Amino acid sequence: MSKVKELTLTSAPHSTRCEVTHNTPALVFSAGGYTGNFFHDFSDGFVPLFITINSLFYNQDVTLVISDCNDLWWPQKYAEILAQFSHSPIIDIKKGRVTHCFPSAIVGLIKHGPMIVDPTLLPHHLKSLADFRIFLENSYKKKGGDDVLITSYNRPQLVFVIRKLDVGRAILNKKEVIKAIEEVGFDVNVLDPTTTHASLAKAFKLVHSSHAMFGVHGAGLTHMLFLRPRAVLVQVVPIGVDLPSNISFKGPAKNLGLEYMDYKVKPKESSLAEIYGANDLVLKNPDAYVNGNYNNMRVYMRTQNLKLDIVRFKRYLVKVYKKAKKFMDMES
């Protein structure tokens with residue numbers, strides 16, 4: 001909350017002079033908080049924005065008035081999505097001292113939960129997370145209204161979302177993992193989420209045209225929003241990360257119509273076994289070790305890295321390949 005500016009609502013004198021008069025209502029919200037983390041950009045930002053507009057501004061334009069906006073990258077990275085939300089130019093509160101006048105304003109966003117759009121809370125205009133996915137797809141359509149073209153492939157396409165070693169939960173034997181995926185029958189495209197600031201549109205096209213996505217639990221898996229229904233999402237679940245994995249991606253993936261699969265890491269595949277020993281409470285009973293103290297979760301979220309058992313992983317991949325191949329054959 002230290003990154004969210006507090007706004008004051010006050011009565012203005014009737015003599016206040018409007019320097020800019022708008023015909024559309026204002027929707028005021030913060031782009032601070034955990035913005036910059038790809039999952040939170042959507043779960044705390046764009047999904048609540050989608051809910052709020054469909055709840056309160058259905059079928060009408062609105063002017064987005066944003067506080068705490070990092071204008072060095074945020075408007076550029078999400079330009080296509082923001083343009084789909086509003087036809088009016090964005091107003092950045094911290095820029096200028098101009099008095100804007102609106103017919104009405106809503107301050108704050110409506111949120112149903114982490115990466116959740118609950119249709120029962122939108123009774124007049126039934127919407128779901130699947131509708132948000134369609135909204136994103138429309139945001140990235142080519143000029144002229146054509147859908148993003150889907151190329152015909154001989155082998156299923158799999159996007160491997162990688163993580164850097166310095167942030168934790170990285171796969172240490174990445175080359176062997178890629179080789180195994182290719183040997184099972186996939187073409188592998190590596191996606192590094194840290195490089196998508198420049199062009200999220202390119203990431204959308206890569207993921208949208210793929211039949212499967214694979215990666216360790218983390219913000220990068222939010223790219224699942226770009227997958228088409230019936231595509232396969234494989235989440236690698238490290239030791240002690242079951243609950244956030246289920247909340248952040250397993251539930252939402254099913255709501256998106258994806259074929260969800262998870263690969264649950266065994267203790268011998270985790271670097272924590274070398275650090276603490278296989279019989280330590282850290283590995284034996286993560287819930288007891290954390291015991292409600294989120295600081296203890298850093299062991300699982302930041303300290304832990306993975307070295308997948310290639311023999312075990314390859315057996316698992318056969319199931320993934322069958323589902324992805326079925327999806328590819330269906331669209332052919």
Side-chain angles (χ1 to χ4, degrees), residues 4-5 7 9 20-71 73-95 100-141 145 147-148 200-201 204 208 222-226 229 248 251-252 255-257:
V4 178
K5 182 180 178 64
L7 302 180
L9 303 183
V20 180
T21 301
H22 300 265
N23 296 320
T24 55
L27 176 53
V28 186
F29 65 96
S30 171
Y34 289 112
T35 295
N37 174 294
F38 195 59
F39 175 81
H40 290 284
D41 286 352
F42 283 86
S43 184
D44 302 347
F46 296 126
V47 171
L49 183 55
F50 178 80
I51 292 169
T52 306
I53 286 178
N54 280 282
S55 297
L56 304 175
F57 301 105
Y58 190 75
N59 262 352
Q60 61 175 307
D61 198 15
V62 62
T63 298
L64 304 181
V65 181
I66 304 175
S67 68
D68 316 302
C69 175
N70 188 328
D71 54 11
W73 65 269
W74 191 81
Q76 290 77 29
K77 179 173 182 176
Y78 296 118
E80 293 89 349
I81 298 175
L82 292 167
Q84 188 76 358
F85 276 122
S86 173
H87 301 302
S88 304
I90 291 171
I91 297 175
D92 185 345
I93 285 180
K94 73 174 181 289
K95 288 186 176 179
H100 293 264
C101 294
F102 300 90
S104 63
I106 296 291
V107 181
L109 300 178
I110 300 169
K111 187 175 181 180
H112 293 165
M115 204 64 80
I116 293 172
V117 180
D118 186 346
T120 65
L121 299 178
L122 289 157
H124 302 299
H125 312 291
L126 291 176
K127 296 290 181 181
S128 66
L129 194 63
D131 293 295
F132 179 69
R133 186 205 66 78
I134 294 169
F135 171 85
L136 292 177
E137 184 176 330
N138 291 335
S139 301
Y140 288 104
K141 277 184 178 180
D147 288 322
V148 176
L200 194 58
F204 174 85
H208 189 70
T222 308
H223 287 88
M224 70 177 180
L225 291 166
F226 300 162
S248 302
N255 292 332
L256 289 166

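All residue numbers in this chain count up from 1 along the given sequence. Given the structure is predicted, the values throughout are model-derived calculations rather than measurements.
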Counterpart residues, side-chain hydrogen bond (donor to acceptor under 3.5 Å, both in side chains), relative to T63 (two or more places apart):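 T63 satisfies side-chain hydrogen bond (donor to acceptor under 3.5 Å, both in side chains) with T24 only.
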Donor on one side chain, acceptor on other, D61 and S88, under 3.5 Å: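 Result is yes, a qualifying pair exists.
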How far does [atom1] of [X] sit from [atom2] of [Y], to the nearest 0.5 angstrom?
X    : Y    : atom1 : atom2 : value
K5   : S30  : NZ    : OG    : 10.5 Å
L7   : I93  : CG    : CD1   : 5.0 Å
L82  : Q84  : CG    : CD    : 10.5 Å
I134 : S139 : CD1   : OG    : 11.5 Å
L136 : F226 : CG    : CZ    : 6.0 Å
Y140 : H208 : OH    : NE2   : 12.5 Å

Ring center gap for F46 and Y78 short of 6.0 angstrom: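 That pair passes the under 6.0 Å test.
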Sub-6.0 Å ring centroid separation between H223 and F38: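 Yes, the ring of H223 comes within the 6.0 Å limit of the ring of F38, centre to centre.
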Quick one: are [X] and [Y] in side-chain contact, heavy atoms under 4.5 Å?
X    : Y    : result
P229 : R133 : yes
I91  : F102 : yes
H124 : Y58  : no
T35  : D68  : no
S55  : L122 : yes
H112 : P48  : no
L126 : D131 : no
I110 : F50  : no

Side-chain (T52) to main-chain (L109) donor-acceptor, under 3.5 angstrom: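 No.
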Which atoms form the tightest heavy-atom contact between [X] and [Y], and what is the distance?
X    : Y    : result
A26  : V65  : CB-CG2, 3.9 Å
Q60  : P25  : OE1-CG, 3.8 Å
L129 : V117 : N-CB, 3.6 Å
A201 : E80  : CB-OE2, 3.9 Å
F204 : E137 : CZ-CA, 3.8 Å

Over 12 foreign heavy atoms within 6.0 Å of NZ, K94: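 More than 12 heavy atoms, drawn from other residues, nucleotides or ligands, come within 6.0 Å of this atom.
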Among V47, N54, I53, the one residue meeting side chain to side chain contact (heavy atoms under 4.5 Å, CB included) with I51: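 Among V47, N54, I53, the one that satisfies the side chain to side chain contact (heavy atoms under 4.5 Å, CB included) with I51 is V47.
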Partners meeting side chain to side chain contact (heavy atoms under 4.5 Å, CB included) with I66 (sequence neighbours left out):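 Expected list: F29, A31, L64, C69, W74, I90.
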Full working for ring-ring contact (aromatic ring centres under 6.0 Å, His included) between F135 and F85: CA-CA 9 Å; F135 171 85; F85 276 122; 4.5 Å; yes
Set of residues satisfying salt bridge (charged side-chain N to carboxylate O under 4.0 Å, His left out) with respect to D44, sequence neighbours excluded: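 Result, salt bridge (charged side-chain N to carboxylate O under 4.0 Å, His left out) vs D44: K111.
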